[in-house]
S.K.: 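Take a look at this one; I'll ask things after.
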Protein chains: 2
Amino acid sequence: MTKKPTKVATPSAALANATAPAPASSEEAPTSNRAARAAERRAAIVEAAMEEFIARGFAATRLDDIARRAGVAKGTIYLHFKDKESMFEELVRTVIVPVVAKLNALPPPTGSVRDLIEAFAGNFLKEVIGTRRGDLVRLIVAEGPRFPSVADFYYREVVSRGIAGMRALIELGIARGEIREKDLARYPQILVAPAMIAVIWQSLFARHAPLDAQDMLRVHLDLIFGERRTT
Amino acid sequence: MTKKPTKVATPSAALANATAPAPASSEEAPTSNRAARAAERRAAIVEAAMEEFIARGFAATRLDDIARRAGVAKGTIYLHFKDKESMFEELVRTVIVPVVAKLNALPPPTGSVRDLIEAFAGNFLKEVIGTRRGDLVRLIVAEGPRFPSVADFYYREVVSRGIAGMRALIELGIARGEIREKDLARYPQILVAPAMIAVIWQSLFARHAPLDAQDMLRVHLDLIFGERRTT
DNA sequence: TGACAATGACTGACTAGTCAGTCATAAATT
DNA sequence: AATTTATGACTGACTAGTCAGTCATTGTCA
C-alpha cells in the first residue's frame, strides 16, 4: 500500500535538522537510554506547542506545525498526549508547576515588608513581564473561558496562592505600621493589579507606547507604603 | 439534506427571539424602506457575531452559527462583510465607537476630583464589569496579538484617550492637593489597573471567588486619595 | 563477545470530517 | 418586467486523529 522503497532518509537526521546540530536545549548528553530520549521528545513537544499556542491561540494552532517545530512526526504527539485539548491542558500544567514550586520556596521574611515586596516585584519583572511566561498568562486569559479546567487549575495553583501570600504580606505590613490602608488586606488584587496590567500592556500595546514597568511598580509601591526615603 | 420544507419561519421572528419580542433594539418601526431593513440585518449580524466571538474566540467561531443566531442565511453575511476577518475588525469598531462617543461627552469637571473619578468608576462598574462589554475587552486582549489592526484601533480610540483623560484628572487632583503621589500622573495605568483586573476576574474566576468590584475600587481610591471622610 | 530476536518509539500517508466562501436560484421591491 | 436582495446547497481547502509499517535500541543466548 505505502509505496516507499527508499524510506525516509534517517529520522534522526530529520530531528537534528529541526532543532539544532546539538541536541535539545539544556541537557547535552547524547541521551543513551530510551526513557531519556522520550522525555526529551516530550519536552520538545511541550516547548513547541507553547510557542504555537501563544502565537496563534488554541483553535488556530495546527498540530502539524507543532510537530514540525518539535522535530517530530505528528503521530509522536499522540504517544504523549491524548488529543489536542488535553495536550493544551497538560501543557499549561507542565509550564505552571515550576512557577508554583518557586512560589512555595519563598525567602524567609527578613527585612521590611516593602523590601520583600520589592524583591518580589523585581523577580516578577524579570521572569514574567515581557517573557514567554507573560505570554502564557495572556494565553490563559484568552482561552480560560473555553477551558474551565485550565482556568480552575490556574486559579487553584497560582492565583489563590498568590492572593493568599500577598494578603499575608499586607497584613504583616499593616501590623508593622508600614501600610496605612487596612482594607488593602481585603483586596490583595490591588497590590498585584499594576503588574498584571504591565504583562498585558507589553503584549498588546508595547509597540505603540512602551511602558516602563519597573518604574510604574515603584510608583505603585510608593502609593501603598508612602514615598520612599531617599535611601 | 436539511429537511426543512416549511422554511425557517420568518427571519424576523428568529431575530426577535434572539433579542426581544419587539424587533431589534432601538428602532421599532416595521422597517419599511430598504436601507432601514439592511441596517437592521447588519445590526443583528453584529450582535450575533459578538456573542459567538466572545463565547468561542475568533478561530473557533462558525459563520453558520452567527448566521443562524442572527436569523439570516450565511450568504447574507457576505452582503455586509468582506470576510470573517474583516467582519471581526468591523465588529469591534462598531461596538467600540459608541463607547468612545460617551468618553468624549465627559461631564463638566465640577466637584472634587475624587467625586469625578468615583462617578466614573461607578459608571464603569455598571456598564463594563460583568457585562457583554467587559467580555469584549477580554476578547480584545485575547485576539489582539493576532489582529494588530484591532489592537491598534483599540489603543488609539480607547486606551490612549482613556489614559490621557485619567492623566488630566490626576494632574488636577495633584494641583488641588487631593492627590499626594505626584508620580501617579506618569502612570495613569495604576489608577485603572484594579478596574481592568476586575473585568478579567469576573470572566475567569468569579465562579471560584466572587469579587466585590465596587468595594475594591473604593479601597483603591482610598489608597490614592487617603481614607474617605465618613460623609 | 557476537549474532539474533523482541520491543516499542517513531513515522507519515491516509480518512473522515469541518467550515469559509461561492453562486445559481428565488424572493422581494421598484 | 427589471433590478436588487436574500438564500442555502455546494465546493474545495484544510486538519485532527489513526494505524500499518519501520528500525534503533535493548535483551537474550551460545
Side-chain angles (χ1 to χ4, degrees), chain A residues 1-19 23 29-45 48-49 52-53 56-88, chain B residues 1-15 30-42 44-45 49 52-53 56-88:
Chain A
M1 187 173 281
T2 49
K3 58 320 167 51
K4 265 286 161 80
T6 25
K7 191 54 204 331
V8 57
T10 68
S12 45
L15 209 193
N17 273 347
T19 52
T31 55
S32 44
N33 63 2
R34 296 248 264 246
R37 270 189 65 86
E40 201 176 73
R41 295 264 197 203
R42 195 195 148 99
I45 293 171
E52 294 289 330
F53 281 137
R56 301 174 151 60
F58 176 81
T61 291
R62 278 159 305 203
L63 290 200
D64 284 309
D65 289 345
I66 293 177
R68 190 170 336 119
R69 189 189 275 263
V72 150
K74 181 144 67 130
T76 306
I77 292 176
Y78 287 88
L79 299 176
H80 293 275
F81 303 94
K82 182 172 148 286
D83 57 17
K84 195 184 179 189
E85 257 189 47
S86 60
M87 178 167 73
F88 181 72
Chain B
M1 186 170 284
T2 48
K3 58 313 160 66
K4 264 289 166 71
T6 26
K7 187 48 200 334
V8 58
T10 67
S12 45
L15 209 192
T31 57
S32 43
N33 63 359
R34 295 248 265 248
R37 269 189 66 84
E40 200 176 76
R41 294 264 201 205
R42 194 194 147 97
I45 293 171
E52 293 291 329
F53 281 137
R56 301 176 149 65
F58 176 80
T61 291
R62 280 161 302 212
L63 290 201
D64 284 306
D65 289 347
I66 294 178
R68 188 167 342 116
R69 188 189 275 263
V72 149
K74 183 150 63 138
T76 306
I77 293 176
Y78 286 87
L79 299 177
H80 293 274
F81 302 95
K82 180 171 149 285
D83 57 18
K84 196 185 177 188
E85 253 188 55
S86 61
M87 177 167 73
F88 181 72

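All chains are named by letter (A, B, ...) in the order of the sequence lines, taking the proteins before the strands, and each is independently numbered beginning at 1.
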S.K.: Between atom CZ of B/F58 and atom CD of B/E85, what is the distance when rounded to the nearest 0.5 Å?
M.R.: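 Answer rounded to 0.5 Å: 5.0 Å.
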
S.K.: When you measure from the side-chain N and O atoms of B/R41 to the phosphate of D/dA6, is any distance below 4.0 Å, counting only OP1 and OP2?
M.R.: yes

S.K.: Classify the side chain of B/K84 and the base of C/dG21 as holding, or not holding, a donor-acceptor pair under 3.5 Å.
M.R.: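 It does not, because no donor-acceptor pair links the side chain of B/K84 to the base of C/dG21 below 3.5 Å.
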
S.K.: Kindly point out which of D/dT15, D/dT7, D/dT18 is positioned nearest to the side chain of B/A73?
M.R.: D/dT7

S.K.: Indicate the atoms forming the closest heavy-atom contact of B/I45 with B/V72, along with that distance.
M.R.: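 That would be CD1-CG1, 4.4 Å.
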
S.K.: Quick one: does A/R56's side chain get under 4.5 Å of A/R62's, heavy atoms only?
M.R.: yes

S.K.: Touch check for B/L63, heavy atoms < 4.0 angstrom, all strands: base, sugar-phosphate only, or nothing?
M.R.: sugar-phosphate

S.K.: Atom CD of A/E85 to atom P of D/dG17: distance rounded to whole Å?
M.R.: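 The answer, rounded to whole Å, is 8 Å.
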
S.K.: Could you give the CD1-to-C1' distance, from B/I77 to C/dC19, as a whole number of Å?
M.R.: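 After rounding, the reported distance stands at 12 Å.
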
S.K.: Consider the side chain of B/K74, meaning its heavy atoms from C-beta on, and name the nucleotide among D/dA16, D/dT7, C/dG21 that approaches it most closely.
M.R.: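 Of the candidates, C/dG21 comes closest.
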
S.K.: Do the side chains of A/I66 and A/M87 get nearer than 4.5 Å, heavy atoms only?
M.R.: yes

S.K.: Could you check how far CD1 of A/I66 sits from C1' of D/dG17, rounded to whole Å?
M.R.: 13 Å

S.K.: Roughly how many Å is it from CD1 in B/I45 to C1' in D/dT7, rounded to a whole number?
M.R.: 13 Å

S.K.: Starting at atom CZ of A/R68, determine the distance to atom C1' of D/dT15, rounded to an integer number of angstrom.
M.R.: 13 Å

S.K.: So, OP1 or OP2 of D/dT7: does either fall under 4.0 Å of a side-chain N or O from B/T76?
M.R.: yes

S.K.: Taking atom C1' of D/dT5 as reference, at what distance in whole Å does atom CD of B/E40 sit?
M.R.: 15 Å

S.K.: For a quick test of reading the model, state the closest non-hydrogen atom pair linking A/E52 to A/D65 and the distance between them.
M.R.: OE1-CB, 3.9 Å

S.K.: Nearest-Å distance, CG (A/D83) to P (D/dT18)?
M.R.: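 Computing the A/D83:CG to D/dT18:P distance gives 8 Å.
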
S.K.: Could you tell me how far apart A/D64 (CG) and D/dG17 (C1') are, to the nearest whole angstrom?
M.R.: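 Answer to the nearest Å: 10 Å.
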
S.K.: Ignoring backbone atoms, test whether B/R62 places a side-chain nitrogen or oxygen under 4.0 Å from the OP1 or OP2 oxygen of C/dT18.
M.R.: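 For C/dT18, neither OP1 nor OP2 has a side-chain N or O of B/R62 closer than 4.0 Å.
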
